[in-house]
Amino acid sequence: MNCRACSDPGKMPVFYQKVYAITARIPRGKVASYGQIASLAGNPFAARAVGNAMKQAPEMLSLPCHRVVRQSGELTACRSFGGAGGQRKLLEAEGITFRENGYVDMKQHQWKTEG
DNA sequence: TCCTTGACTTGTC
DNA sequence: CGACAAGCCAAGG
């Protein structure tokens, strides 16, 4: 663990700062996919880079990374939220509903920037 | 500069 | 639905 941001977020790469800014823009009760964020960042195909940005996202920014899910609605590697299922509880607390398969209902909670 | 890594996405079997 | 492969991008060594 050597996140440069652990010392100063201003030292983070440009792309990362965008991802953080966008992720922070995710309204409560909504979820955004990596592709969504990547697109807002300027690269709709940089979903992987977005994931990396989230991974390095310093907790000091309190980024709602738990609102970031896959395009399919499946949660991320929530191993960072205090154990598998922790992310789901957080989202449920936000008012987000889940399908019986455990996926987020993107049709209802997918963050739409057009609105 | 090149290669590797990764919390992604889509298409095919 | 599950598993595999190909393609996209940025950061780090």
Side-chain angles (χ1 to χ4, degrees):
Chain A
M1 188 58 173
N2 299 320
C3 43
R4 300 157 62 187
C6 291
S7 301
D8 291 302
K11 298 168 68 71
M12 294 299 280
V14 181
F15 189 80
Y16 282 31
Q17 293 188 17
K18 284 189 170 186
V19 174
Y20 299 150
I22 294 162
T23 303
R25 287 166 65 88
I26 301 175
R28 174 178 168 288
K30 295 278 186 178
V31 295
S33 61
Y34 294 89
Q36 181 78 50
I37 297 170
S39 181
L40 297 173
N43 298 319
F45 291 96
R48 305 190 74 165
V50 173
N52 275 333
M54 309 305 280
K55 178 181 176 182
Q56 298 185 29
E59 298 180 38
M60 59 183 289
L61 296 179
S62 303
L63 293 177
C65 31
H66 57 267
R67 293 182 195 153
V68 185
V69 299
R70 297 197 187 195
Q71 185 61 11
S72 56
E74 184 179 23
L75 302 183
T76 65
C78 41
R79 285 53 131 121
S80 303
F81 291 96
Q87 184 176 15
R88 175 169 175 169
K89 299 187 68 167
L90 290 171
L91 294 170
E92 289 181 327
E94 295 284 334
I96 295 175
T97 55
F98 285 77
R99 292 171 57 119
E100 60 181 275
N101 57 2
Y103 285 17
V104 177
D105 196 333
M106 301 302 280
K107 299 173 70 69
Q108 287 185 139
H109 301 293
Q110 181 168 40
W111 182 36
K112 296 166 187 168
T113 55
E114 55 188 293

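Worth saying up front: this structure is predicted, and the values here are computed from it rather than measured. Naming: A, B, ... by sequence-line order, numbering from 1 per chain.
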Checklist line | Nearest-angstrom distance from the residue atom OH of Tyr20(A) to P of dA10(C) | finding: 15 Å

Check: How many Å lie between CZ on Phe15(A) and P on dG12(C), as a whole number?
Finding: 13 Å

Table of protein N/O atoms under 3.5 Å from nucleotides 5-7 of chain C N/O atoms:
| from | atom 1 | to | atom 2 | distance (Å) |
| --- | --- | --- | --- | --- |
| dG7(C) | O6 | Arg48(A) | NH1 | 2.9 |

Notebook entry, point to check: Is the closest side-chain donor-acceptor distance between Gln56(A) and Tyr16(A) under 3.5 Å?
Noted result: yes

Next item on the list: Report the nucleotide, chosen from dT9(B), dA7(B), dA10(C), that has the shortest atom-to-atom distance to any side-chain atom of Thr76(A).
Entry: dA7(B)

Next item on the list: Check Met106(A) against Arg70(A) and note the closest heavy-atom contact, atom names and distance.
Entry: CE-O, 3.8 Å

Notebook entry, point to check: If you measure from CD1 on Ile26(A) to CD on Gln36(A), what distance do you get to the nearest 0.5 Å?
Noted result: 8.5 Å

Notebook entry, point to check: Just by modelled atom types, is the Lys107(A) backbone N or O under 3.5 Å from a matching donor or acceptor in the Asp105(A) side chain?
Noted result: yes

Notebook entry, point to check: To the nearest Å, how far apart are Tyr103(A) OH and dC8(B) C1'?
Noted result: 14 Å

Notebook entry, point to check: dT9(B) P sits how many Å from Ile37(A) CD1, rounded?
Noted result: 9 Å

Check: So which nucleotide from dT10(B), dC9(C), dA7(B) ends up closest to the side chain of Ala46(A)?
Finding: dC9(C)

Next item on the list: Report the residue (Val14(A) or Asn101(A)) whose heavy-atom-nearest nucleotide on DNA chain C is the more 5′ of the two.
Entry: Asn101(A)

Next item on the list: Whole angstrom is fine here: how far is it from CD in Gln17(A) over to C1' in dA11(C)?
Entry: 14 Å

Checklist line | Nucleotide nearest Arg70(A) (side chain, heavy atoms from C-beta), chosen from dA7(B), dT9(B), dA10(C) | finding: dT9(B)

Next item on the list: Calculate the interatomic distance between Gln56(A) atom CD and dA7(B) atom P; express it in whole Å.
Entry: 11 Å

Next item on the list: Please test Thr76(A) against Tyr34(A) for side-chain contact (heavy atoms from CB on, under 4.5 Å), starting from the C-alpha separation and ending with a verdict.
Entry: CA-CA 10 Å; Thr76(A) 65; Tyr34(A) 294 89; 2.5 Å; yes

Checklist line | Interatomic distance, Tyr16(A) OH vs dA10(C) C1' [rounded to whole Å] | finding: 6 Å

Next item on the list: Would you indicate what Ser33(A) reaches in the nucleic acid, counting non-hydrogen atoms under 4.0 angstrom: base, sugar-phosphate, or nothing?
Entry: sugar-phosphate

Next item on the list: Using atom CD of Gln71(A) as one end and atom P of dA7(B) as the other, report the distance to the nearest whole Å.
Entry: 18 Å

Next item on the list: Please check if the side chain of His109(A) supplies one atom and the backbone of Gly29(A) the other of a donor-acceptor pair under 3.5 Å.
Entry: yes

Check: Is the phosphate of dA10(C), meaning OP1 or OP2, less than 4.0 Å from a side-chain N or O of Asn43(A)?
Finding: yes

Notebook entry, point to check: When we call it a touch if two heavy atoms are under 4.0 Å apart, what does Ala49(A) touch: a base, just sugar-phosphate, or nothing?
Noted result: base

Item checked: Which atom of Val69(A) lies closest to which atom of Glu74(A), heavy atoms considered -> CB-O, 3.5 Å

